[in-house]
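To start, the structure under review is shown below, and the notes come after it.
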Amino acid sequence: MDAVELHNRTVGNFAQLVSELGPGQWSGRTPCADWDVRTLVNHVVGEERWTVPLMAGRTIAEVGTSLDGDLLGDDPIGAATAAASAAQAAAGEPIATVHLSYGDEDASEYLRQLSADHLVHGWDLAAAIGADPRMEPELVSEVAGWFAQREDTYRSFGMIGDRLGGFADPADALLGAFGRDPAWKP
């Protein structure tokens, strides 16, 4: 599967989960210990909002602080839906290199990074609100194959928790690789 399709499917699945949120669920706990549901969704919306200028060739410095803080406002579902649509459109832009905080990166690699984050945070959100996590086997396989070569780097930079093992199910094994307990409940 190419990086654009992977990205757009994981972004779409996350947006669908956000659309299922009820008014009383935004302050609920998530598997991300320091984040409630609103903070988790704001984080992912922030990534989606960053996708647009980065896939247009802009730098972190050029974007500045314009995407800091609360990106959800008074209509968090509307904000998330709009950000997802814009990110999906931007993913198809013909650009070879994006300018990230750690340096220049291949656009395909950047989209795979975003895909992994959307898939795992989609599970976080689904677990928090008791929804279907949309861990489609094809998406899990794509992200797991990509992540296997990067797991040690992610862990060494403190971007993920300790690996949890012993899971036969591929989706559970991927979550464990990201430091998630597939049995987590709020």
query = Is the closest side-chain heavy-atom distance between L114 and L111 below 4.5 Å?
reply = yes
Residues L17 and P133: closest non-hydrogen pair is CD1-O, 4.5 Å
Here the salt bridge (charged side-chain N to carboxylate O under 4.0 Å, His left out) pairs for residues 63-76, sequence neighbours left out, are R38-D70
So OG1 of T97 and CE of M55: to nearest 0.5 Å the spacing works out to 10.0 Å
Residue pairs meeting salt bridge (charged side-chain N to carboxylate O under 4.0 Å, His left out), one or both in residues 3-26, sequence neighbours left out, come to E5-R9, R9-E136, R9-E138, E20-R134
Count I, L, V, M, F, W, Y as connected when their side-chain heavy atoms are under 4.5 Å apart, and connections chain through other members. Are V63 and V98 then in the same cluster? yes
Margin query: Starting from I77, can I reach L125 by hopping between I/L/V/M/F/W/Y residues whose side chains sit under 4.5 Å apart?
Written below: yes
Salt bridge (charged side-chain N to carboxylate O under 4.0 Å, His left out) pairs touching residues 99-115, sequence neighbours excluded, are E109-R150, R112-E142
dist D117:CG -> E48:CD (nearest 0.5 Å) comes out at 10.0 Å
Checklist line | Flag side-chain contact, heavy atom, 4.5 Å: V45 against V18 | finding: no
### Message
Taking L119 as the starting point, is it possible to reach W35 by hopping between hydrophobic residues whose side chains are less than 4.5 Å apart?
### Response
no
Checking N42 side chain against G69 main chain: does a donor-acceptor pair fall under 3.5 Å?
yes
Are L6 and Y154 linked, directly or through intermediate hydrophobic residues, by side-chain heavy-atom contacts shorter than 4.5 Å (ILVMFWY only)? yes
Between A127 and P186 the two heavy atoms that sit nearest each other are O-CD, 3.6 Å
Rounded to the nearest 0.5 Å, the CG atom of D172 sits from the CG atom of D181 at a distance of 9.0 Å
Answer yes or no: is there a donor N or O on one side and an acceptor on the other, between the side chain of R155 and the main chain of A177, under 3.5 Å? yes
Do the ring planes of F178 and F147 sit parallel (below 30°), tilted (30 to 60°) or perpendicular (above 60°)? parallel
Rounded to the nearest 0.5 Å, the CG atom of L139 sits from the OG1 atom of T10 at a distance of 7.0 Å
*ILVMFWY network linking L100 to W50, side-chain heavy atoms under 4.5 angstrom*: yes
The reported gap from CD1 in I60 to OG1 in T65 (rounded to nearest 0.5 angstrom) is 12.5 Å
Between H121 and C32 the two heavy atoms that sit nearest each other are CE1-SG, 3.9 Å
If you draw a 6.0 Å radius around OH in Y102, do more than 12 non-hydrogen atoms from other residues or ligands fall strictly inside?
-> yes
Closest non-hydrogen contact found for A90 with T51 is CB-O, 4.1 Å
**Request:** Go through the steps to decide whether T39 and D36 satisfy the test side chain to side chain donor-acceptor pair (under 3.5 Å), and finish with yes or no.
**Result:** CA-CA 5 Å; T39 305; D36 64 8; 2.8 Å; yes
For P137, does its backbone N or O pair with a side-chain atom of S141 as donor and acceptor, under 3.5 Å?
no
I'd like to check L72 versus W26 (side-chain heavy atoms, cut-off strictly below 4.5 Å). Are they in contact? yes
Here the pair of heavy atoms bringing I95 nearest to A107 is O-CB, 3.3 Å
Nearest heavy-atom approach of G57 to H99 is O-CD2, 3.3 Å
Between the CH2 atom in W123 and the CZ atom in R180, the distance rounded to the nearest 0.5 Å is 7.0 Å
For the residue pair F14 and H118, categorise the inter-ring angle as parallel (less than 30°), tilted (30 to 60°) or perpendicular (more than 60°). perpendicular
- Task: Give a yes or no answer on whether the side chain of S108 reaches the backbone of A3 with a donor-acceptor pair at less than 3.5 Å.
- Result: no
